[in-house]
Amino acid sequence: MLIRRPSDVLPSEITPRELFENRRAFLCDTGLVVAAAAMAGLGVRQAHAQGKVFSAAKKSPYSIGETPTPFKDVTTYNNFYEFGTGKDDPADRAGTLKPRPWTLSVEGECAKPKRWDLDELMKLAAVEERIYRLRCVEGWSMVIPWNGFPLAELLKRAEPTSKAKYVEFVTLSDDKQMPGIRLPVLDWPYVEGLRMDEAMHPLALLTFGLYGDLLPNQNGAPVRIVVPWKYGFKSAKSIVRVRFTETEPKTAWNKAIPNEYGFYSNVNPQVDHPRWSQAKERRIGEFGKRATLMFNGYGDQVASLYAGMDLKKYY
Amino acid sequence: MTFQLNPSQVARIKAAVFIACLIPLALLALRAWRDQLGANPIEYITRSTGWWTLTFLMITLAVTPARKLLSMPWLLRLRRMLGLFAFFYASLHFTTYIWLDQFFDLHDIVKDVMKRPFITVGFTAFLLLIPLAATSTNAMVKRLGARRWQWLHRAVYAIGTLGVIHFLWLVKKDIREPLAFGLVLAVLLGVRLVFRWRGHARTSSATARVAPRAG
């Protein structure tokens, strides 16, 4: 009896003739790729051997004594609409952001405008570790060990003129790197701003890292602002431009919904968001809510900036 | 052509749908068990139960149009169960809010319900669901009489609308999802208007045909 047996080799497995005839070139190419991969692996291992980038950062007296939020929560629960509006979108999708090479240009009402290369910028002053509270306007909060130096270090080198009343921060806006900006959720690029005295305040931090390492993309790599006494959205991420202006910058959330997000946006338990209360917050990792502190607990340092101002009017 | 099923087939479908309706809750429980609810688990549970409440409301509202358009009268036999599942997920959503989120802080809850429009609207929708769930039994239909029962249960149109507004008013800026629910709701309510209008047209044209002509 004749038993029909299937062929041992599937048609799909047969090497195309061209490839077979070029097998030496193919092997050579593959070899190069393998070697390159091995080198890259070595590079990564060397970086690990050296430890964290900011492991020598000096502890700052401005740090608070509260327990930092776990690294995993800090890096997976983010608002960074350039990568989508979901909390896990930035962690899932920010891999497309290329934090190097990066330039930050300082311009506007100043005597010495300059385009800073990131590596040069990071050497401008001693990087410190600052453990700050972060309070989101949505009613949750974290404690994050940031690495950076006072924003004032950068600003004063530009020698702002007497016309410089405000500082504007502009986030990168590149739809190839940031899939979220294809949707007009906000008026891109993301713009934030501070009054000059706020920006020069020692608590305002030009930030390059968290937990001792370079900023993960989803947290605003490679350079961002951290303003701990204001709601989180005031702290612009992945900034490419710092501009001194005479008039109040038109900030992204303020433009989007002016009656809900003011220019100042200081953390203030007495001034509610029109749609939800700001009296309490949920600290990530905790079950119950805790009372929100005036100026996010930084009142001693910053309240004087707003002396005589009606904070209900200037929300 | 009408797609008919015998009672035992309908019973089997009903059992399968019952189990399917519990899947969202089972998945949520599994995520909680595996510690996969993310950095803010309470927010995750609130969002998830709220999303499923709206989804079950839409599915329930889809029964009547689907039954008519697909000529599948037996679908009506699933409607009560689907509606009760909407109430079930709404109850989980509400419990999450008063227990996990507010931890029975009555003062804060009352303030929230009074002052925050999106909570006012959501709370109203939940209150309106209660009499519908309570009158869902056959005995209650009999006691109320079909006409009055149907009149009461039309409240579900308002509940669906309030539910979508609740979602719309709570999001910060990205309104795509609440708008999608709004669109589905508009279609489901719009279809009813069309049915009603065509029904009227048919009745009135039938009347016209039967009515003697004035000479």
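Lettering follows sequence order; numbering is per chain, from 1. Keep in mind the model is a prediction, meaning the values are calculated, not measured.
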### Task
Quick one: do B:Asp108 and A:Lys289 satisfy salt bridge (charged side-chain N to carboxylate O under 4.0 Å, His left out)? Show the steps, please.
CA-CA 11 Å; B:Asp108 274 15; A:Lys289 289 189 174 183; over 6 Å; no

#### Entry: Carboxylate-amine/guanidinium proximity below 4.0 Å for A:Arg282 and B:Asp101
yes

### Query
So B:Glu43 and A:Ile284, side-chain contact (heavy atoms from CB on, under 4.5 Å) or not? Walk me through it.
CA-CA 11 Å; B:Glu43 180 198 44; A:Ile284 295 301; over 6 Å; no

### Task
Can you establish whether the number of heavy atoms outside B:Phe18 located under 6.0 Å from its atom CZ is more than 12?
no

### Message
Please give me the minimum heavy-atom distance between A:Ala256 and B:Lys173, naming the atom from each residue.
### Response
CB-CE, 3.7 Å

### Message
Is it the case that atom CG in A:Asp310 sees more than 12 heavy atoms from other parts of the structure closer than 6.0 Å?
### Response
yes

### Task
Identify whether the distance between the nearest side-chain nitrogen and carboxylate oxygen of A:Asp272 and B:Lys115 falls below 4.0 Å.
yes

### Query
Is the count of non-hydrogen atoms from other residues, nucleotides or ligands lying under 6.0 Å from B:Tyr157 atom OH greater than 12?
yes

### Task
Please report the C-alpha distance between B:Ile119 and A:Trp276 in whole Å, then the side-chain angles of each, then the deciding distance to 0.1 Å, and finally whether the side-chain contact (heavy atoms from CB on, under 4.5 Å) criterion is met.
CA-CA 9 Å; B:Ile119 296 177; A:Trp276 56 79; over 6 Å; no

### Summary
Looking only at heavy atoms, the pair that brings A:Thr85 and B:Arg176 closest together is OG1-NH2, 4.0 Å

### Task
Using the six-membered ring of A:Trp253, assess whether NZ or CZ of B:Lys172 lies under 6.0 Å from its centre and within 45 degrees of the ring axis.
yes

### Message
Under a 4.5 Å cutoff for heavy-atom pairs, which residue among A:Leu186, A:Leu183, A:Asp88 has the most contacts with chain B?
### Response
A:Leu183

### Query
Between A:Pro274 and B:Pro117, what is the shortest heavy-atom contact and its length?
O-CD, 4.3 Å

### Query
Which distance, rounded to the nearest 0.5 Å, do you find between the NZ of B:Lys111 and the OG of A:Ser277?
5.5 Å

### Query
Would you find a donor on one side and an acceptor on the other, under 3.5 Å apart, between the side chain of A:Arg275 and the backbone of B:Phe118?
no

### Query
So which part of B:Ile175 gets closer than 4.5 Å to some heavy atom of chain A, the side chain, the backbone, both or neither?
neither

